[in-house]
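Accompanying notes for the structure given below.
Just so it is clear: chains get the letters A, B, ... in the order the sequence lines come, proteins before strands, and each one is counted from 1.
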Protein chains: 2
Amino acid sequence: MAKQQPLQFTLDRGSPVPLYFQLSQQLEAAIERGELAPGSLLGNEIELAGRLGLSRPTVRQAIQSLVDKGLLVRRRGVGTQVVHSQVRRPLELSSLYDDLEAAGQKPATRVLRRAVEPASATVAAALGVAEGADVVHVERLRLAHGEPVARLSNHLPVGLLDLEGGALERAGLYRLMRTAGITLHSARQTIGARAATPAEAELLAEPAGAPLLTMERTTYDDTGRAVEFGSHLYRASRYSFDFQLLARS
Amino acid sequence: MAKQQPLQFTLDRGSPVPLYFQLSQQLEAAIERGELAPGSLLGNEIELAGRLGLSRPTVRQAIQSLVDKGLLVRRRGVGTQVVHSQVRRPLELSSLYDDLEAAGQKPATRVLRRAVEPASATVAAALGVAEGADVVHVERLRLAHGEPVARLSNHLPVGLLDLEGGALERAGLYRLMRTAGITLHSARQTIGARAATPAEAELLAEPAGAPLLTMERTTYDDTGRAVEFGSHLYRASRYSFDFQLLARS
DNA sequence: GAAACGGGTATGTCCGGACAACAGGACCTC
DNA sequence: GAGGTCCTGTTGTCCGGACATACCCGTTTC
């Protein structure tokens with residue numbers, strides 16, 4: 001357990017990006033590159049602060065953000081250790097489109113339907129509007145490498161976003177929302193499974209009665225307003241939900 | 001948007017529980033009880049700190065923990081607001097047993113198998129041991145209200161835990177681990193679906209070929225060691241994964 | 001009427017210090 | 001040799017202050 005040579009960090013006090021953030025990013029990059037070995041001590045906070053010309057609270061804030069990400073573990077009286085890898089990304093509020101793109105699958109979208117409709121009881125309850133009130137309904141078929149992967153059905157409040165057809169084929173719904181200045185805050189979702197109906201089987205190129213993954217999700221922005229209700233169907237033979245989660249506290 | 005009367009908080013400086021934690025718990029309770037209306041401002045930090053006889057960093061730490069939980073939203077230049085509810089609990093590293101118990105379903109467990117076996121390639125890779133090395137294999141049938149819900153298959157390193165049969169029927173695996181002094185840190189999991197084989201259908205009292213939810217999970221403790229690999233089957237007709245997630249940053 | 005300006009107010013960042021609490025090893029005692 | 005005790009190092013908690021920065025809103029200007 002020999003002490004390793006200190007890493008080099010470059011901090012720019014003139015930059016608008018906070019110092020604790022600059023530090024945490026460089027620490028994360030060093031861990032990613034393996035320059036900070038898993039299990040190794042990070043060196044005590046006070047000495048680190050002194051070496052970098054920062055105060056301890058600032059250094060602590062940088063370290064804390066990585067602890068929250070699951071990359072570091074603090075042990076009182078011992079020190080701060082790098083976790084033994086295995087950590088990738090925790091579950092995020094991400095869109096299928098971006099996930100597929102990041103995985104190198106060429107995603108594509110076919111818009112099946114785009115209309116203003118009266119809200120059903122389920123949709124009204126999820127979006128917090130009156131039953132029968134107008135909502136936007138979008139139905140899309142998502143493809144990867146030209147093969148169908150999922151049927152996405154979304155309901156949105158009217159006037160939230162203008163979903164011009166072309167935009168929907170070039171990006172995921174969430175990216176469009178963020179671009180429109182909506183800050184996503186949280187979502188409530190349910191993942192289940194059921195057998196495909198004949199129509200669904202045909203659309204997704206599956207045999208009749210094939211098992212499908214279902215996902216229902218209501219997304220809220222930071223004012224607490226429901227901005228989207230989605231009811232999706234995934235081909236179980238070609239898709240699964242894959243994520244990491246951290247123990248709280 | 002009238003200013004409401006300030007709430008009362010009682011802080012005990014003699015208690016070993018940190019002041020910021022006492023405050024955050026009382027704030028959370030007040031939100032839970034509806035004493036802090038959704039959307040209402042929390043009052044500025046400096047004045048709040050003065051009123052409670054605390055410093056601003058302490059108050060900020062309490063508020064920050066609730067922001068991380070998704071209960072509050074900070075807005076620079078505006079104030080800190082209570083989120084418009086909808087927030088319950090984010091996804092946790094919880095055991096099915098505790099979930100069922102919390103939901104008022106009387107959980108029960110039938111141990112189908114408990115043996116030391118050589119690790120298959122999949123299990124060995126997940127647990128980080130050599131293929132063919134000894135691992136503990138536990139197979140359980142989980143019931144709720146006397147009805148089968150899931151078939152749970154777990155592999156653990158030998159010597160980690162002594163899984164006496166009776167204990168396995170009275171509590172979930174994770175609770176046993178925590179009791180044994182293991183601190184769970186993170187887990188990697190995959191949720192999918194497939195059709196039941198005849199044997200699985202029979203065990204779970206489903207028709208042949210019924211859609212089942214599958215979940216595979218590898219759990220790590222805070223030293224980065226894999227402590228459990230689970231491969232589970234859920235009846236899609238009686239169970240679904242239901243959780244909340246927060247947008248990062 | 002719409003756009004540009006500016007003041008007030010709140011959070012965001014950062015500092016420097018102090019003491020408490022815990023883990024682990026060294027040391028001593030029996 | 002086994003057990004307990006002290007010491008040291010490290011993180012945990014808390015304080016008081018300072019300045020920067022973004023947002024809201026009323027005012028002014030065109």
Side-chain angles (χ1 to χ4, degrees), chain A residues 1-3 6 9 11-25 27 39-68 71-83 181-183 221-223 249, chain B residues 1 3-4 6 9 11-25 27 39-68 71-83 181 183 222-223 249:
Chain A
M1 204 66 84
K3 188 72 179 295
F9 296 107
L11 299 172
D12 176 11
R13 294 193 103 89
S15 160
V17 28
L19 293 171
Y20 77 88
F21 193 74
Q22 294 183 35
L23 178 55
S24 77
Q25 277 198 320
L27 276 170
S40 68
L41 276 302
L42 197 58
N44 87 54
E45 299 171 349
I46 299 180
E47 187 259 350
L48 184 58
R51 196 152 52 83
L52 297 175
L54 296 174
S55 69
R56 181 151 91 114
T58 302
V59 172
R60 270 183 75 79
Q61 195 173 359
I63 293 176
Q64 188 59 46
S65 72
L66 296 183
V67 171
D68 291 340
L71 293 171
L72 298 178
V73 179
R74 319 185 85 135
R75 256 182 249 278
R76 192 189 199 130
V78 178
T80 304
Q81 291 181 331
V82 180
V83 162
I182 299 171
T183 22
D221 74 356
D222 59 358
T223 70
S249 161
Chain B
M1 206 64 85
K3 188 73 177 297
Q4 60 192 14
F9 297 106
L11 299 172
D12 176 11
R13 294 194 104 89
S15 160
V17 25
L19 292 172
Y20 77 88
F21 193 74
Q22 294 182 34
L23 178 55
S24 77
Q25 276 198 321
L27 277 171
S40 67
L41 276 302
L42 197 56
N44 87 50
E45 299 171 349
I46 298 180
E47 188 258 350
L48 184 59
R51 198 151 52 83
L52 297 175
L54 297 174
S55 70
R56 181 149 91 113
T58 302
V59 172
R60 270 182 76 79
Q61 195 173 357
I63 292 176
Q64 187 59 47
S65 73
L66 296 183
V67 171
D68 291 341
L71 293 172
L72 298 177
V73 179
R74 320 185 84 135
R75 256 180 246 282
R76 192 184 194 132
V78 178
T80 304
Q81 292 180 330
V82 179
V83 161
T183 20
D222 59 358
T223 69
S249 156

_For A:P57, side chain to side chain contact (heavy atoms under 4.5 Å, CB included) partners two or more places apart_ = A:S55
*Annotated protein contacts, base or backbone, on nucleotides 11-21 of chain D with a non-hydrogen cut-off under 4.0 Å, one of B, S, - each*: BBBSBB-B--B
*asked:* From CG of B:L48 over to P of C:dT9, roughly how many Å is that when rounded to an integer?
replied: 18 Å
_Partner residues of B:T223 under the side chain to side chain contact (heavy atoms under 4.5 Å, CB included) criterion, sequence neighbours left out_ = A:R75, B:D221, B:R225
*asked:* Please enumerate all residues that pass side chain to side chain contact (heavy atoms under 4.5 Å, CB included) together with A:R74, with sequence neighbours excluded.
replied: A:E45, A:R60, A:I63, A:Q64, A:V67, A:T80
_From CD of A:Q81 over to C1' of C:dG24, roughly how many Å is that when rounded to an integer?_
13 Å
*Is B:Q81 reaching over with its side chain to a backbone N or O of B:L42, donor-acceptor style, under 3.5 angstrom?*
no
*Whole angstrom value for the distance that separates C1' of C:dA23 from CG of A:L41*: 12 Å
_With sequence neighbours excluded, residues passing salt bridge (charged side-chain N to carboxylate O under 4.0 Å, His left out) with B:R76_ = none
